[in-house]
Trainee: 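Handing you this structure, nothing more for now.
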Amino acid sequence: MSVISAYARALAVQTGRAQPVATVRHVHLSATPMVFIPLKLAGEAAAPLAALVGTDPANPRLLVVPQPRNRDLRFAFMAELADVMLPYVESFAGVTETVEAKTPYERSSDAPQLLVPNRGGIAFTKLLGRSTRFRRADGPYPVHPSVPVLGQWLTFLAERAEYAGSSALVAMTEALALHWATGQSPMEDANLATQLAWIAPPAGQNGPEAALAAEDPLTSPPAGPETHPDFDGQVLDHAIRAYETSSSPAQVREALRTQLEPTWTLMWQAVRLLRELPEAATVDARWAKDRDQFTRETARLADGGFPRGRIDGAVSAAIRLADLESALQTYEAQRAFDDPLVMAEHRVAGKAFSGEVVAVDATRRIVPPGKTRAAPRPLVTIRTSDPVRLSPGKRLSSSRNRKQKTEIVSIAGDLVVIQINDQMGRGSTPAPGSVPEVGEIVCYAELDPSGGQRPRLPSGEDTPWTHGGPPTPYVPTDEDAQEAWS
Amino acid sequence: MIALTPEQAAADATAAILADFTGGPHRGVIVDSPPGAGKTTLVVTAAMTLAGSGERLMIVAQTNEQVDDLTDKLASKAPGLSIGRLHSDGFTVPSRVTRHPGVTASNKIDQVEACTVVIATADKWAYVSERTWPWAIVDEAYQMRSDKLLAIAALFDRALFVGDPGQLDPFSVVDTERWAGLAWDPMQSAVAVIGRLNDLPVHRLPVSWRLPASAAPLVSEAFYPFAPFRSGTAAADRELKLATAGFPVAWDRTLNEAAATGWALHELPNRHTIRTDAEAVQACAGLATRLLQRGAVAHDENDTHPVSPDRIAIGCAHNDQVAAIRAAGVPAGITVDTANRLQGREYDVTIVLHPLSGRRDATAFHLESGRLCVLTSRHRHACIVVARAGIAELLDNHPSTGRVQLNVPVKFPDGWEANHAVLAHLSDHRVQA
Amino acid sequence: MTRLDTLRGPAAPLDHNARTIAALAVNPGCDRRALLDAAGIDKQKTATHLGYPAPFGQSPFAITRAKSFDALVKANGCAHLLRLLRHTLGLSISEASYSDISDVGGNDNHQVRHTRTRALLKRAATDGEGAGTLFDHPLLKLGVAGHQVYLEPAIIAFQIEGRFHVVEIKSFAVIDDQADAGQVAAAARQSAVYVHALRALFASEGLDPDRVSHDVVLVCPKDFANHPTATLLDVRQQLAALDRQLSRLTRIDRILDELPVGITFDIETQSPDEPSKAVSTVDARFAPECLSSCEMALFCRAEARDSGSTDMLGRTARDELGGVESIPTALGLADGSRSASPEQTEIAEQLRYVRRIYTEAVA
């Protein structure tokens, strides 16, 4: 959290309403997102209890496990969930576009997007994936053939959610927190109902009143995956007993519907609020990455790809870490360049500055270190009132040309001198427009949208002795397929 | 049993390390080196020993500065040795390296691979392939992230891993628990991974030649509870003298205390402040200025010399604090930097802006024992800590609700305890401003 | 009658358990909590009485699950447990005896059970036999703020060859060798309380306290099954924190000294708004994290909100605001409607700058 968002929170308290911390929308919003609100049974690791799921706000599908301790009913639930989710996911696989690249390739024109209420929803999605992807439709404990496929897709989505800037599986509270600061703490923002109460209080109420009201578990049941202990004790327990005596799930369904529907309404309200924000410039580029990965996973599964193993080997862990770091670095830079309010956080921190160009030495040529011939290295002097805390030599980027590399030469008083290192054309003097001009308002930041380079790593089978030697590649086993789920 | 002199203890340790590395059955040997324990000397000695018996070796360090320092020292000690300094494109090799006739500097491996010793950063080594060396020395291995070692481990058969376990752990901007508990968790240090996956001998250097007798016991106890070390010098070997008597003002009293005892806590009134607390910043810059004005002279086991600006450092936790202190007017030549960048460096006097000064709550970042360890173990003579009063209460009020992951070795020392230990010691050297 | 008894009123003091003692470390800077705990006041009841019932509870399903898992681990003379101990501690335990100390010959009196616990543990520690022994429900005592309190015996003490381990059974799952880091941390803090108490018992019996291992055996369900797995948990850091917290409890006297004379939190005999006023005389150190750990949290939050305290925005926001304690002050400094005290010069300057670029960017 930055002092900007702390200030915005304070302002929210004063005004009684959440305040913006972004001017544009930084998450992709599908035309047809699928909202998924899962509930689990308290005390169990991954016992699904119910879910409200669908793409039509007016027509959610309620799935329940009337006796959550019954393994067969759990698998029936998963098969039913597959029945809703797989057609949705697979509907995006068929339509592709050709991507112009060095080697042109096909990419899905669109991809599935799953919206869950909170972080817990993502964690539970991952657990559901983990507990079903190894299952098999044959053998001693067969499940419906769609169950392991669903497990693979849930795993794929949950793993995408680890990448900064991915919109494949989004926790709604986090998406909202990217755009609004409420008058409560970040911890309390994990409660979708109170967070939304601050952002869009019902008519006649202010944020704090609405948030307080939204803490009442009777009107705003928890958004899951945990249910409220009082609900468990006073309602659900009886309903499950009723199922056991009558074999009719009606009472359980009704009980769980009351717990899920308020959150369903909130989820779509949040979608509407986010849609009202104009989309940020690089959202599309990041969504293209999600579509790339979706295209690959589709192909992998079509080739009969194994379910992902339980753990990463040394090499795959290192590769993934590099990719996660690169995605985060790119995302942070893109977000700042897309949005002056996000950039403001970097300016306050002294890692970016904005100001007017007061002098340009466009014809300057020097012999760069390690080179033998002189090359254009223009100097640009910028006057800024920002508290710049960068030292000479720091590499900077700017939204006027995100690919252009520049570095700080000197800082004296309110004058910052930067040197431009590339993207100036092939001529002996910089191409027109490639260097800022006097009078232009510019903003430079110590942010790199390129995401850096992935280190060269050995292949998994060449894992060196230092890291335990080559791991045994994961091959699914019968034991995995029959893993207990009690 | 007759107690060994520091020289004997250090020599014994070095001999045992070299024997284990060059003649032992293991592919790797780990050497834990506390601050100023002669790590570089060990690396140079090991390199010369191997080169002397006709072996080729590669040396890996983490930053260009470390590589240049090592190259310079190695070339000075062994002028006849052919050393290849491999660097990245666009890097200017400093003159302290290029002045040695035995050194070949290049950004291409084929230009330097014929040298007996090839030395480069881990990042640069990662771009070398299809070559191997029988021996490697990995310096600052505790600051190297596991994935960096993974990228270069195929280049060598056997390696000596040298580093300081008490300093800052490697860092990732990504906050994930995905690999928690795995022996090869890529977010750990290189040493943690090799140690967990291979049964390797661990040696340690037992003597700090940098830290004075006034500092070694505290640093050892607070930051190296299970690997104690001692100072190589006696109290009488080091003396810091201030040429002028000074005034009865807080800055001068603080300097007097530091000169007399090796430690001073310059304590400002208790208050919650922003990170760039102007008073604290001013005190750091002012103490450095006064130290020069009063003509500090350092006497040690080697010589007597004036404490010039390049022998003084001001250390803090955050970059904005560095910028603020520089802006407050620090005499030219004095180093002002964050703990991360002060790792491995040495000065006569250090001035430290305490990471917890002026804070209401501590965070894991501010409590990290490595940060305080770096800051309080760079000096040969004296360390002055600038802090707001109230840190003891802050520590006492700190909620210990950290997350605990299964199968992750517990790291010692705990930052909270180390901070308490240092603070308890400093309270005997308090000067109230 | 001590001052603490006066504070509590006629209600019987609440028993401590490992959870309440471990909770001392969760917000040690809070005088209000420290005092209520020291006086053995029922915070749950008090909060409800004040109109702010605690925001958490436990699901009956979770309780059932925990009980059935506990029973499973201990079934057939702790067969599962012994198998796990062999595996986890690498022990060759041929067999082990099992003693349950939950009641002593039908007597469940604390003193009797504690005496029995002491005697059994001492005998196990001093007789030379190496055979394993499991002591279920050992009733331990601990000095807290000058009082000896009994700890609810929710563990097993395991002894082999003179070395003792605390075995803690928890019903959260260990999936692919990892568990929820928050729950593991809580378990580690609680186990540390038992290790501490066991060591205290050893010391008072003239035995070497280090014979109680700092490695606790944590038994949890494995993956998605009901099947138990065991993991060793090193609790040295939690022990160090606990030692320090316990030694600090003497400050209760300092808090008491600052209280108005004759004050009481008694909810049974006072009129409804009296206890609320009384509780408010003791400073709280509210942080949003309290909402998941302290029964009084909603009361303290309301208080923070009423006073416009920056505490309600969370610890990080409060630190970012440079220690300014109230939201109106922070905003007043930002828009210049409030002049800065000399101590606030810097934060005021920063807030004015923040306000300017924030307003610019939002416009």
Side-chain angles (χ1 to χ4, degrees), chain B residues 177-183 185 225-226 268-282 320 324 356-363 365-366 369 388 390 392-421, chain C residues 22-30 174 176-189 214 218 220 229 231-238 240-242 244-245 248 251 285 287 289-290 292-293 310-311 314-316 318-325 343-347 349-351:
Chain B
E177 294 180 346
R178 183 180 174 98
W179 304 291
L182 292 182
D185 178 350
F226 301 114
L268 301 167
N270 191 347
R271 180 150 75 76
H272 299 310
T273 66
I274 60 172
R275 267 192 344 211
T276 50
D277 175 4
E279 268 184 87
V281 160
Q282 203 56 52
D320 52 1
L356 294 168
S357 176
R359 296 191 64 85
R360 184 169 187 265
D361 287 300
T363 67
F365 174 91
H366 297 97
S369 65
R388 294 260 165 206
E393 292 72 36
L394 178 154
L395 288 171
D396 276 344
N397 293 341
H398 180 67
S400 58
T401 50
R403 300 165 67 73
V404 177
Q405 284 140 352
L406 296 178
N407 309 308
V408 175
V410 176
K411 188 162 156 37
F412 284 100
D414 177 39
W416 184 79
E417 274 188 90
N419 262 286
H420 263 304
Chain C
L24 296 173
V26 174
N27 190 1
C30 183
V174 170
D176 298 337
D177 298 326
Q178 277 306 313
D180 180 273
Q183 287 185 301
V184 177
R189 286 196 300 273
H214 57 247
L218 179 67
C220 295
T229 183
T231 317
L232 277 188
L233 198 57
D234 181 335
V235 300
R236 273 179 288 178
Q237 290 188 343
Q238 288 76 15
L242 176 71
R244 202 169 167 91
Q245 300 305 348
R248 278 185 83 238
R251 80 198 160 97
R285 189 186 169 95
E289 288 76 8
C290 298
S292 56
S293 62
T310 45
D311 278 339
R315 288 197 169 105
T316 327
R318 169 145 188 163
D319 247 330
E320 291 287 354
L321 294 172
V324 174
E325 285 176 22
E343 296 179 348
Q344 291 169 337
T345 327
E346 291 168 75
I347 183 65
E349 192 190 335
Q350 188 171 46
L351 285 172

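Chain A is the first sequence line, chain B the second, and so forth, proteins listed ahead of strands; every chain is numbered from 1.
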Trainee: CG of Leu242(C) to CD of Gln237(C): how many Å apart, nearest 0.5 Å?
Mentor: 13.5 Å
Trainee: Can you tell me which portion of Glu177(B) sits under 4.5 Å from chain C's heavy atoms? Options are side chain, backbone, both or neither.
Mentor: side chain
Trainee: So, the side chain of Asn27(C) versus the backbone of Arg285(C): is there a donor-acceptor pair under 3.5 Å, distance only?
Mentor: yes
Trainee: Counting heavy-atom pairs under 4.5 Å to chain B, which of Glu289(C), Glu325(C), Arg315(C), Gln344(C) comes out on top?
Mentor: Arg315(C)
Trainee: Counting heavy-atom pairs closer than 4.5 Å to chain C, which one of Glu393(B), Arg271(B), Lys411(B), Glu279(B) comes out on top?
Mentor: Arg271(B)
Trainee: Does any backbone or side-chain atom of Arg359(B) lie under 4.5 Å from a heavy atom of chain C? Answer side chain, backbone, both or neither.
Mentor: both
Trainee: Tell me which of these, Gln405(B), Arg403(B), Arg275(B), has more heavy-atom pairs under 4.5 Å with chain C than the rest.
Mentor: Arg403(B)
Trainee: Measure Gln350(C) against the heavy atoms of chain B and call it side chain, backbone, both or neither at under 4.5 Å.
Mentor: side chain
Trainee: Side chain from CB out, backbone as N, CA, C, O: work out which of these in Gln183(C) comes under 4.5 Å of a heavy atom of chain B, or both, or neither.
Mentor: neither
Trainee: Which bit of Glu417(B) comes within less than 4.5 Å of chain C, counting heavy atoms only: side chain, backbone, both or neither?
Mentor: side chain
Trainee: Tell me, side chain or backbone of Ile347(C) under 4.5 Å from chain B's heavy atoms, or both, or neither?
Mentor: both
Trainee: Would you say the side chain of Arg318(C) lies within less than 4.5 Å of the side chain of Asp311(C), judging by non-hydrogen atoms?
Mentor: yes
Trainee: Under 4.5 Å heavy-atom distance to chain B, tell me which part of Val174(C) shows up: side chain, backbone, both or neither.
Mentor: side chain
Trainee: Taking Asn407(B) for the side chain and Asp177(C) for the main chain, is one N or O donor matched with an acceptor at less than 3.5 Å?
Mentor: yes
Trainee: Of the listed residues (Thr363(B), Asp277(B), Thr276(B)), which shares the most heavy-atom pairs with chain C below a 4.5 Å separation?
Mentor: Asp277(B)
Trainee: Give, as side chain, backbone, both or neither, the part of Leu218(C) having an atom under 4.5 angstrom from any heavy atom of chain B.
Mentor: side chain
Trainee: Would you mind telling me which of Leu406(B), Ile274(B), Leu182(B) has the largest number of heavy-atom pairs within less than 4.5 Å of chain C?
Mentor: Leu406(B)
Trainee: With rounding to the nearest 0.5 Å, note down the distance linking CZ in Arg236(C) to NE2 in His214(C).
Mentor: 4.0 Å
Trainee: Would you say the side-chain atoms of Arg244(C) and His420(B) include a donor-acceptor pair closer than 3.5 Å?
Mentor: yes
Trainee: To the nearest 0.5 Å, how far apart are NE2 in His272(B) and CG in Leu394(B)?
Mentor: 8.0 Å
Trainee: Would you confirm whether Ser357(B), through its side chain, and Arg388(B), through its main-chain N or O, come within 3.5 Å as a donor-acceptor pair?
Mentor: yes
